[in-house]
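So the structure is just underneath, and the comments pick up after that.
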Amino acid sequence: MLINMKQSHSFLAAITILVLLHTGTGKDLRTVTEPKNPPICTTLKPTSADETKTIQKALDSCAKGKAVALSSGTFVSGPLNIPSGVSLLVEQNAVLEASTDPKAYDRGNNNCGTINDSGGGCNAFISITGATGSGIYGKGKIDGRANHIMTGSNITWWQLAYNASKIHKNQNNPKLIQIANSKDITLYQITLVNSPYFHVQSRLTYGFTVWGITINSPFDSVNSDGIDPTGSINVTIAHSNISTGDDCIAVSSLYGPSKHISIYNNYFGHGNSMGIGSGTTYGISEMTVTNLTMNNVRYGLYIKSNTKNGGLVTNITYNNVCITGEQSRWPISLDTSKPPVTGNHVPQFKNIVFNNIRILNNDATIVLHGLSQTNPVEISINNVHIKKGTKMSVVNAKVQGTWKEDASGTSC
Ligand SMILES: *[C@@H]1O[C@H](CO)[C@@H](O)[C@H](O)[C@H]1NC(C)=O
Ligand SMILES: *[C@@H]1O[C@H](CO)[C@@H](O)[C@H](O)[C@H]1NC(C)=O
Ligand SMILES: *[C@@H]1O[C@H](CO)[C@@H](O)[C@H](O)[C@H]1NC(C)=O
Ligand SMILES: *[C@@H]1O[C@H](CO)[C@@H](O)[C@H](O)[C@H]1NC(C)=O
Ligand SMILES: *[C@@H]1O[C@H](CO)[C@@H](O)[C@H](O)[C@H]1NC(C)=O
Ligand SMILES: *[C@@H]1O[C@H](CO)[C@@H](O)[C@H](O)[C@H]1NC(C)=O
Ligand SMILES: *[C@@H]1O[C@H](CO)[C@@H](O)[C@H](O)[C@H]1NC(C)=O
């Protein structure tokens, strides 16, 4: 068939668009813009007493669509539940401090604040459950105080977690914020520090916006993950600054699929990864990470799973990522055999696309470990710049494109 130049151009254009669609459209399907603080139903001033009852009562009697505001000063509280439609607004110079008493969080077996085989013995500091349109706002701070000695003990939450990890058991520590079975939840501007366990988990939540928040815990704090969406759909995490001891973000799918996820314009100061996994059972797909700078983030762009919790991870795109810092040892790391490796849930990593990546650590290793020759990890690399001499640990991988060994300098 003869075609003229004009037709041939539009034919090429059509192919290019198809390729773009195939590689670059994984995103939150909602139109997400910068959130606005909701109107205030009541403003609380701190006293020197425990404020659990006062804050909970204010939340329970706040009208839907409004927020309970905490004004400047320090509030100490035990666990709180944010009702459906209601928000908490921690104003600038206000600090909401978590009680250090394990008994306050205990779920009924007296295990909170102890080590056992499975963990899960504590309620979160702040829970949002079965809610629609709730959120946490404000330029103030929520402090989990995991660096303080627990009431009735002689060690901190973090020391407990460290001790548990040494003997391959689990700490019973509270998450800072737990969102579950909810819709249209927002975290805006808030600063979250020193969580005894994950700072934020969203479980089976559809519509989750995190915008302009700061998370800060030390590099050596155990299991202090930043934001962990699991079984969550329509998620945006943007303009945030995250430093933790574990994954800065970890998207998993242990309870349902995670998909339609946009992560953009973020900075990670230290931590383990921009992660996916390790639970990928229900699949993770249609996700794009754009404009990310990572400094001292051990596993960088990390996809981890195993045959115990494996599933399909596909249509994942990374655009414009810069990785630096001596601790960024494995800046791209795709691992299908993260222990435990016992089971028949096959992890598959397919159509993982890397566009415009710069890796500036001199002592880095790229890790691509597929499960088998018949089930390799499949990635595509475009403009991925690494330092000359970067090590490669590659088994069972299909790589489209070539690594450019021309990166220079150390600052992103
Ligand atoms: C991945 O993208 C392809 C091409 O757009 C699409 O056919 C496929 O359904 C996507 N996979 C998932 C799990 O969404
Ligand atoms: C995701 O957002 C789109 C667009 O608003 C909506 O149509 C879809 O139902 C949402 N998905 C879920 C699971 O809520
Ligand atoms: C560990 O503690 C949790 C929470 O109290 C409890 O559900 C679980 O049964 C305990 N596990 C073991 C093995 O003792
Ligand atoms: C903490 O208390 C335990 C007994 O409950 C004791 O064995 C341990 O040595 C104490 N540790 C410190 C640092 O005081
Ligand atoms: C737990 O950690 C503390 C401080 O790090 C230490 O003093 C204590 O001996 C540890 N306890 C156990 C049971 O490992
Ligand atoms: C990120 O937050 C830390 C405090 O946690 C602060 O020191 C740093 O300046 C912030 N960085 C950016 C790029 O906003
Ligand atoms: C990423 O950064 C570029 C350059 O600053 C900007 O033009 C683009 O809008 C950003 N992308 C997103 C998704 O914000």
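As the structure lists them, so they are numbered: ligands from 1, and atoms in each ligand from 1. Source: prediction; values computed, not measured. FYI, the numbering just counts along the sequence from 1.
- Annotation for F208 and R30: closest pair O-NH2, 3.4 Å, computed over non-hydrogen atoms.
- A donor atom on one side chain and an acceptor atom on the other are found under 3.5 Å apart for D28 and T236.
- Heavy atoms of T314 found under 4.0 angstrom from ligand 1 belong exclusively to the side chain.
- Distance screen at 4.0 Å: atom 11 (N) of ligand 2 has a protein heavy-atom neighbour inside the cut-off.
- In Y282, the OH atom is not crowded: 12 or fewer heavy atoms of neighbouring residues, nucleotides or ligands sit closer than 6.0 Å.
- One side chain, S202 or S232, offers a donor N or O that lies under 3.5 Å from an acceptor on the other.
- Counting the atoms of ligand 1 from 1 in the order shown, those under 4.0 Å from a heavy atom of S285 are 13 (C), 14 (O).
- Within a 4.0 Å radius of atom 14 (O) of ligand 2, the protein contributes one or more non-hydrogen atoms.
- S118 OG, 3.4 Å is the protein heavy atom nearest to atom 8 (C) of ligand 3.
- Nearest protein heavy-atom neighbour of atom 4 (C) of ligand 3: G121 CA, 3.3 Å.
- Here the straight-line distance linking atom NE2 of H385 with atom NZ of K404 works out to 6.0 Å at 0.5 Å rounding.
- D247 has a carboxylate O that lies under 4.0 Å from a charged side-chain N of K304, or vice versa, which qualifies the two as a salt bridge.
- For the residue pair T230 / S252, a side-chain donor-acceptor distance below 3.5 Å is found, with atom types taken as modelled.
- Only side-chain heavy atoms of I233 come within less than 4.0 Å of ligand 2; its backbone N, CA, C and O stay farther off.
- Under a 4.0 Å criterion applied to the non-hydrogen atoms of N109, ligand 3 contributes the atoms 5 (O), 6 (C), 7 (O).
- Annotation: atom 5 (O) of ligand 2 to nearest protein heavy atom, R30 CG, 3.8 Å.
- For the pair R145 and F125, the NZ or CZ position fails the cation-pi test of under 6.0 Å to the six-membered ring centre and within 45 degrees of the ring normal.
- A heavy-atom separation below 4.0 Å is not found between C112 and ligand 3.
- Contacts of E286 with ligand 1, taken as heavy-atom pairs under 4.0 Å, involve the side chain alone.
- In the vicinity of Y206, heavy-atom distances shorter than 4.0 Å reach the ligand 2 atoms 13 (C), 14 (O).
- Where the criterion is an N or O separation shorter than 3.5 Å, residue side chain and backbone included, N234 meets it with respect to ligand 2.
- Within a 6.0 Å radius of NZ in K350, more than 12 heavy atoms belonging to other residues, nucleotides or ligands are found.
- Geometrically, ligand 3 and D117 share no nitrogen or oxygen pair separated by less than 3.5 Å.
- Taking atom 2 (O) of ligand 3 as the reference point, the nearest protein heavy-atom neighbour is N116 ND2, 2.3 Å.
- Between D101 and K103 there is no salt bridge, since no side-chain nitrogen of the basic residue lies less than 4.0 Å from a carboxylate oxygen of the acidic one.
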